[in-house]
Amino acid sequence: MVATLTSLELKSPLKLISFMGQVMQIVKQLKASNCITFKLTGFWTKHYTMTLWESAEASRNFARQGFHVESMKVSAKLSKEIRTLTIESDHLPSWKEAKERLLKEGRVLKY
């Protein structure tokens with residue numbers, strides 16, 4: 001199994017309403033997918049997600065279809081930085097561990 005960790009920092013608080021609309025659609029897609037479990041947290045301009053999948057392929061397939069892929073196309077308009085990390089795990093890590101690993105090991109996209 002794999003866990004995919006993500007952090008996203010919005011360009012400004014003014015992007016929050018648009019971002020939350022995107023999140024609602026992605027959560028709907030997650031619930032209809034083969035995702036084992038997921039968690040979300042965040043406040044103001046910094047947001048985090050964790051998802052657990054049977055395989056890296058399942059995680060990639062989710063990211064490359066539906067509303068998630070459409071959201072990725074507009075992410076540069078909303079965010080100034082996105083970090084992602086996929087790790088081998090049979091459970092989701094604590095938020096503390098996930099945030100630390102994203103800072104140290106995450107792939108960084110800056111806009």
**Student:** My understanding is that only residues two or more places apart in sequence, or in another chain, count here; which of them pass salt bridge (charged side-chain N to carboxylate O under 4.0 Å, His left out) with K77?
**Tutor:**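 Listed in chain order: nothing, the list is empty.
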**Student:** Connecting only ILVMFWY residues whose side-chain heavy atoms lie within less than 4.5 Å of each other, what is the rest of L103's hydrophobic cluster?
**Tutor:**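 When side chains under 4.5 Å apart are linked, L103 ends up in no cluster with other residues.
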**Student:** According to a hydrophobic-cluster definition based on side-chain heavy atoms being under 4.5 Å apart (Ile, Leu, Val, Met, Phe, Trp, Tyr only), do I26 and L52 belong together?
**Tutor:**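 No, no single cluster joins them.
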**Student:** Residues two or more places apart in sequence or in another chain: which of them pass side chain to side chain donor-acceptor pair (under 3.5 Å) with T4?
**Tutor:**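 Listed in chain order: S59, T86.
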**Student:** For the CG atom of L14 and the CG atom of L78, what is their distance to the nearest 0.5 Å?
**Tutor:**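 Those atoms lie 11.5 Å apart.
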**Student:** Does any pair with a residue in residues 11-20 pass salt bridge (Lys or Arg N to Asp or Glu O under 4.0 Å), and if so which ones, sequence neighbours excluded?
**Tutor:**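 Qualifying pairs, neighbours excluded: none.
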**Student:** Just by modelled atom types, is the N34 backbone N or O under 3.5 Å from a matching donor or acceptor in the E54 side chain?
**Tutor:**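 No, because the side chain of E54 does not come within donor-acceptor range (under 3.5 Å) of the backbone of N34.
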**Student:** Apply salt bridge (charged side-chain N to carboxylate O under 4.0 Å, His left out) to K80 and list each qualifying residue two or more places apart in sequence or on a separate chain.
**Tutor:**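 For K80, the residues satisfying salt bridge (charged side-chain N to carboxylate O under 4.0 Å, His left out) (neighbours in sequence not counted) are E9.
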**Student:** S7: what forms a side chain to side chain donor-acceptor pair (under 3.5 Å) with it, not counting sequence neighbours?
**Tutor:**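 For S7 there are no side chain to side chain donor-acceptor pair (under 3.5 Å) partners, ignoring immediate neighbours.
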**Student:** R101: what forms a side chain to side chain donor-acceptor pair (under 3.5 Å) with it, not counting sequence neighbours?
**Tutor:**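 For R101, the residues satisfying side chain to side chain donor-acceptor pair (under 3.5 Å) (neighbours in sequence not counted) are E105.
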**Student:** List in chain and number order the residues that pass ring pair (Phe, Tyr, Trp, His ring centres under 6.0 Å) with Y48, two or more places apart in sequence or in another chain; answer none if no residue qualifies.
**Tutor:**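 Checked Y48 against ring pair (Phe, Tyr, Trp, His ring centres under 6.0 Å); zero matches.
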**Student:** Tell me every residue that passes side chain to side chain donor-acceptor pair (under 3.5 Å) with Q22, counting only those two or more places apart in sequence or in another chain.
**Tutor:**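 S71.
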**Student:** Just verifying a value: how many Å separate R83 CZ and T6 OG1, rounded to the nearest 0.5 Å?
**Tutor:**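 These two atoms lie 12.0 Å from each other.
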**Student:** Who passes side chain to side chain contact (heavy atoms under 4.5 Å, CB included) against K96, sequence neighbours left out?
**Tutor:**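 Testing K96 for side chain to side chain contact (heavy atoms under 4.5 Å, CB included), a comparison that skips the adjacent residues, returns S94, E100.
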**Student:** If you look only at distance, which donor and acceptor atoms sit under 3.5 Å apart when one is on a side chain in residues 35-47 and the other is two or more places apart or in another chain?
**Tutor:**
residue : atom : partner : partner atom : Å
H47     : NE2  : W44     : O            : 3.0

**Student:** Can you pull out every ring-ring contact (aromatic ring centres under 6.0 Å, His included) where at least one residue sits in residues 63-102? Sequence neighbours excluded, please.
**Tutor:**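 As it turns out, the ring-ring contact (aromatic ring centres under 6.0 Å, His included) pairs with a partner in residues 63-102, which skip direct neighbours, are F62-H68.
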**Student:** Check whether any side-chain heavy atom of S33 lies under 4.5 Å from a side-chain heavy atom of W53, and answer yes or no.
**Tutor:**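 A side-chain contact exists here, since the closest heavy-atom pair is under 4.5 Å.
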**Student:** Between E57 and R60, is there a salt bridge with N-O shorter than 4.0 Å?
**Tutor:**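 Salt bridge absent between R60 and E57.
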**Student:** Can you tell me how far the CG atom of L10 sits from the CG atom of L16, to the nearest 0.5 Å?
**Tutor:**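 If we round to the nearest 0.5 Å, L10:CG and L16:CG are 6.0 Å apart.
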**Student:** Following the transitive rule for hydrophobic clusters with a side-chain heavy-atom cut-off under 4.5 Å over Ile, Leu, Val, Met, Phe, Trp and Tyr, establish whether I87 and I82 coincide in one cluster.
**Tutor:**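 No, because I87 and I82 fall into different hydrophobic clusters, even though each may have its own neighbours under 4.5 Å.
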**Student:** If I take atom CG from residue L5 and atom CG from residue L102, how far apart are they, to the nearest 0.5 angstrom?
**Tutor:**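 With rounding to 0.5 Å, CG (L5) is 5.0 Å from CG (L102).
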**Student:** Is M72 reachable from M50 through a run of I, L, V, M, F, W or Y residues, each pair having side-chain heavy atoms under 4.5 Å apart?
**Tutor:**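 Per the 4.5 Å side-chain linkage, M50 and M72 are not co-clustered.
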**Student:** To check you understand the geometry: which heavy-atom pair defines the closest contact between L85 and G106, and what is its length?
**Tutor:**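 For L85 and G106, the tightest heavy-atom pair comes out as CB-CA, 4.2 Å.
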**Student:** Measure the OH-CD distance between Y111 and E81 for me, rounded to the nearest 0.5 Å.
**Tutor:**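 The CD atom of E81 is 10.5 Å from OH of Y111, to the nearest 0.5 Å.
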**Student:** Give, for atom OG of S55 and atom CD of E88, the distance between the pair rounded to the nearest 0.5 Å.
**Tutor:**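 If I round to the nearest 0.5 Å, the distance is 9.5 Å.
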